[in-house]
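Read through the structure below, which is laid out as structure tokens, and then see the notes.
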Amino acid sequence: FVPLLSLLFNSRLNLPSTLSGVDHGRINKKLGLQMSKKQIEEFVIKVLTETKENYYSKKGKNYYVTSKEHNVRITINSNTFRIITADNID
């Protein structure tokens, strides 16, 4: 298992391309937020970089990054490395 964060930041798969497919409206709606595109991207980067590796998991075709600190789970497609959605966690 190659750590997801390493894949996101290496030269072939970079974080900007991961964020390029983000449906910002969907993330705002799912998380109950009203942030700009830039604010959402900064939030996602913060969650991905601050979440410890043991809170990254792979199930089926997706990676899940669960941040208790930010009360969010981010779902990333394991083939394209694009963010699919984000959900509040309880």
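Closest approach of A86 and K30 over heavy atoms only: O-CB, 3.2 Å. A pairwise comparison of heavy atoms in G60 and S78 identifies O-OG, 4.4 Å as the closest pair.
With I45 as the fixed residue, the side chain to side chain contact (heavy atoms under 4.5 Å, CB included) test singles out one of T49, L48, V47: T49.
Summarising the geometry, atom OG1 belonging to T51 is positioned 7.5 Å from atom CD belonging to E69; distances are rounded to the nearest 0.5 Å. To the nearest 0.5 angstrom, K59 atom NZ is 11.0 Å from T75 atom OG1. Atom-to-atom distance recorded for I74:CD1 and I27:CD1 is 7.0 Å, nearest 0.5 angstrom. Residue N28 holds its CG atom at 7.5 Å from CD of Q34, rounded to the nearest 0.5 Å. Going from atom CD1 of I84 over to atom CZ of R26 covers 8.5 Å, rounded to the nearest 0.5 Å.
When atom types are taken as modelled, the side chain of N77 and the backbone of N62 share no donor-acceptor pair closer than 3.5 angstrom. Using modelled atom types, no side-chain atom of E42 and backbone atom of Q39 make a donor-acceptor pair closer than 3.5 Å. A donor-acceptor pair under 3.5 Å is absent between the side-chain atoms of K38 and the main chain of I40, judged by distance alone.
By the side chain to side chain donor-acceptor pair (under 3.5 Å) test, N88 is found to be paired with no residue, residues two or more places apart in sequence or in another chain being considered.
Considering only heavy atoms from C-beta on, L31 comes within 4.5 Å of F43 through its side chain. Looking at heavy atoms from C-beta onward, Y55 lies in side-chain contact with K68 at the 4.5 angstrom threshold. Looking at M35 and H24, their side chains never come closer than 4.5 Å, going by heavy atoms from C-beta outward. R73 places none of its side-chain heavy atoms less than 4.5 Å from the side chain of S67. Within the 4.5 Å cutoff, no side-chain heavy atoms of V72 are placed close to those of I89.
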